[in-house]
Visitor: 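Here it is: the structure, laid out below.
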There are 2 protein chains.
Amino acid sequence: MQEGTSLIPDHTDVTAPGRDTAGAERMMPENCRIVGGVLARIGDKWSVLVVMNLSEESRRFNELKRMIDGISQRMLTLTLRGLERDGLVSRMVNPTIPPRVDYALTDLGRSLRQPVQALGLWALDNHAAIDQARERYDGAKG
Amino acid sequence: MQEGTSLIPDHTDVTAPGRDTAGAERMMPENCRIVGGVLARIGDKWSVLVVMNLSEESRRFNELKRMIDGISQRMLTLTLRGLERDGLVSRMVNPTIPPRVDYALTDLGRSLRQPVQALGLWALDNHAAIDQARERYDGAKG
DNA sequence: CTGCATCCTCCTGGATACTG
DNA sequence: CAGTATCCAGGAGGATGCAG
C-alpha cells in the first residue's frame with residue numbers, strides 16, 4: 001500500500017490524527033447515497049480499467065479495446081461515453097482517413113487516478129489471498 | 001493457481017522512483033483480467049459501502065442496513081456473504097435471544113480500507129463536479 | 001478505424017412472505 | 001433480529017450487422 005501522503009493527493013493528510021475515522025464520520029445515510037451514486041457510475045469494473053489504462057497517456061479506441069481484453073466493443077463505447085459525460089475522459093477526433101480518435105483523462109479524471117490505481121494495485125496484490133479465502137470458504141461450507 | 005511469482009512479485013517498493021507509472025506498467029492484458037475479476041467482486045457499490053461502514057468498528061446486520069440506506073435486506077445478505085467468502089469480512093454469531101450477529105473487517109478487509117475510503121472520499125469531493133459535467137454534456141448533446 | 005443500432009439472453013436486485 | 005426462499009421486472013452486456 002502506498003504511503004498515505006501520496007494516496008490522496010491534495011486531500012487532507014490521511015495520516016492526520018483521526019483522519020481514519022473522518023471518512024466514516026462522513027458516512028451518514030445522505031453521504032451513502034452520494035457515494036453509492038458516484039460508485040454506480042465510475043465504480044464498475046470497465047470504467048476502472050479504462051481509467052487505469054488511460055493513466056499514463058492517451059489511447060485510441062482499439063488500443064484500449066486490445067489492452068482491456070475481454071471488453072466488448074459495445075461496452076467500451078458505452079463506458080467511454082459515460083466517462084466522457086461525467087467529465088472524466090476527453091474525446092479528441094482526428095479527422096483523418098481512417099479516422100483516429102484519442103481518449104485521455106481530463107483534470108477530473110486525473111484526480112481519480114490515484115484512488116483508482118490504489119484499488120487496482122490492491123487487487124493485484126491481494127487477489128491470491130482472496131482466491132485462497134474463497135477456496136477455504138467453499139471447502140468448508142460449499 | 002496464480003503464478004504470483006512472475007505476475008505479481010510481492011509489492012515492489014512503493015516509494016521507488018516511477019512508482020506512479022508502475023501501476024500502469026503492470027496493466028498487461030493478463031493483469032486486466034485479474035483486476036477485473038477482483039473488481040467485479042469487491043468493486044460494486046454495495047461492497048464498497050459495507051466496507052466503508054465497517055471501517056471503524058463492527059456492526060450488526062440491521063445496523064448496517066440502516067446505515068446504508070437504500071440497500072435491500074437481500075442485497076445486504078448477499079454482499080456480506082460475498083465479502084465473507086472472499087475473506088474480507090468476518091461474521092460472529094452471538095447465540096443470544098434474539099440472535100445477534102456482528103460483522104467486522106478481517107485483516108485483509110482492513111487492508112482494503114485505505115483504497116476504498118480514498119475512492120469514497122473522492123466520490124464525496126467530486127460528485128458535484130460530475131453532476132455539472134453531466135448537465136453540460138446533456139445540455140450540449142442530449 | 002470508429003461507432004452506432006438491433007436483438008436476445010442472463011443476471012442483478014427489489015418486493016414479499018416465511019423460519020428460527 | 002437475522003436469515004432464507006420465491007417471484008419477477010429491468011438492466012447489463014455479448015453477438016452481429018451496417019455506416020461514415
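Throughout, protein chains are lettered first and strands after them, A, B, ... in sequence-line order, and every chain is numbered starting at 1. Every heavy atom of this structure was used, including side-chain atoms; hydrogens, water molecules and symmetry mates were not.
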Visitor: Under 3.5 Å, which protein N or O atoms sit close to an N or O of nucleotides 15-20 of chain D? Give each pair with its distance.
Guide:
none

Visitor: Tell me every residue that passes side chain to side chain donor-acceptor pair (under 3.5 Å) with Arg66(B), counting only those two or more places apart in sequence or in another chain.
Guide: none
Visitor: Return the set of residues passing side chain to side chain donor-acceptor pair (under 3.5 Å) with Ser47(B) (not counting sequence neighbours), or none when no residue passes.
Guide: Asp44(B)
Visitor: Measure CG/Leu76(A) against C1'/dA12(D) and give the value in whole Å, please.
Guide: 16 Å
Visitor: For residues 69-78 of chain A, which side-chain N or O atoms pair as donor and acceptor with protein atoms under 3.5 Å away, sequence neighbours left out?
Guide:
from, atom 1, to, atom 2, distance (Å)
Ser72(A), OG, Met75(A), N, 3.2
Thr77(A), OG1, Gln73(A), O, 3.0

Visitor: Apply salt bridge (charged side-chain N to carboxylate O under 4.0 Å, His left out) to Glu135(B) and list each qualifying residue two or more places apart in sequence or on a separate chain.
Guide: none
Visitor: Rounding to 10°, can you tell me the angle the first-five-pair axis of the helix from dC1(C)-dG20(D) to dG20(C)-dC1(D) makes with its last-five-pair axis?
Guide: 40°
Visitor: With sequence neighbours excluded, tell me which residues meet salt bridge (charged side-chain N to carboxylate O under 4.0 Å, His left out) with Asp102(B).
Guide: Arg100(B)
Visitor: Sequence neighbours excluded, which residues qualify as side-chain contact (heavy atoms from CB on, under 4.5 Å) partners of Ala40(B)?
Guide: Lys45(A)
Visitor: Could you measure the distance from the CG atom of Leu64(A) to the CG atom of Leu80(A)? Nearest 0.5 Å is fine.
Guide: 6.0 Å
Visitor: Report the distance from atom CD1 of Ile68(A) to atom C1' of dG14(D), rounded to the nearest whole Å.
Guide: 16 Å
Visitor: Please tell me which of Met75(A) and Arg66(B) maps to the more 5' nucleotide of DNA chain D, matching each residue to the nucleotide holding its nearest heavy atom.
Guide: Arg66(B)
Visitor: Using side chain to side chain donor-acceptor pair (under 3.5 Å) as the criterion, list what pairs up with Arg81(A), not counting sequence neighbours.
Guide: none
Visitor: Please find the earliest and latest nucleotides of DNA chain C, in the 5' to 3' direction, that have an atom within less than 4.0 Å of any heavy atom of chain A.
Guide: dC1(C) to dT6(C)
Visitor: May I have the distance from Lys45(B) (atom NZ) to dG11(D) (atom P), rounded to whole angstrom?
Guide: 13 Å
Visitor: Identify, with sequence neighbours excluded, every residue that meets salt bridge (charged side-chain N to carboxylate O under 4.0 Å, His left out) alongside Arg60(A).
Guide: none
Visitor: Holding to side chain to side chain donor-acceptor pair (under 3.5 Å), I want the full list of residues that pass it with Asn94(B), two or more places apart in sequence or in another chain.
Guide: none
